[in-house]
Amino acid sequence: MIPAPPIPWPPPAERRKRWLIGVSGGLDSMALMHMLKEQGFRDVVVCHLDHGLRGKESAADARFVKRATEKAGFRSEEHTSELQSRFSIS
């Protein structure tokens, strides 16, 4: 993996404070999580919602995010919701 270049964070972005991020498993949110790790953020809580709309793929995303979060050394919070039963998705 190529190290991320230093990001000029605005002054309020304290690396010692707790940060809560939503991670879907897509490229953008995974890149954010890895960048925060590389930039020295330590107290990051990674949140993931398994909405169940894509069946086995949704569950696979949840497992993927959990493994990546553990590897980064961050705390994870996951929730599963059966939205498919509430909405008609075509």
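Just so you know, these numbers use all the heavy atoms, side chains as well, and skip hydrogens, waters and symmetry mates.
Annotation for S24 and H48: closest pair O-CE1, 3.3 Å, computed over non-hydrogen atoms. Of all heavy-atom pairs spanning G22 and S29, the tightest one is O-CB, 3.8 Å.
Distance check: L36 CG to I21 CD1 gives 5.5 Å after rounding to the nearest 0.5 Å. Taken from NE2 in H51 to OG in S58, the straight-line distance is 4.5 Å, to the nearest 0.5 Å.
Residues E70 and K66 form a side-chain contact, since some pair of their non-hydrogen atoms from C-beta on lies under 4.5 Å apart. Using a 4.5 Å heavy-atom cutoff, the side chains of D43 and K17 are not in contact. The closest side-chain heavy-atom distance from E78 to D50 is not below 4.5 Å. Contact annotation: the side chain of M33 approaches that of T69 to within less than 4.5 Å [non-hydrogen atoms, C-beta and beyond]. The closest side-chain heavy-atom distance from R67 to K71 is not below 4.5 Å. Side-chain contact between S81 and L49 is present, with at least one heavy-atom pair separated by less than 4.5 Å.
Note on R54 versus E57: salt bridge recorded, some NZ/NE/NH1/NH2 to OD/OE distance being below 4.0 Å.
Hydrophobic clustering, with ILVMFWY side chains joined whenever heavy atoms are under 4.5 angstrom apart, groups F41 together with M35.
Under the side-chain hydrogen bond (donor to acceptor under 3.5 Å, both in side chains) criterion, R42 pairs with no residue, sequence neighbours left out.
A donor-acceptor contact shorter than 3.5 Å links the side chain of R15 to the backbone of Q39.
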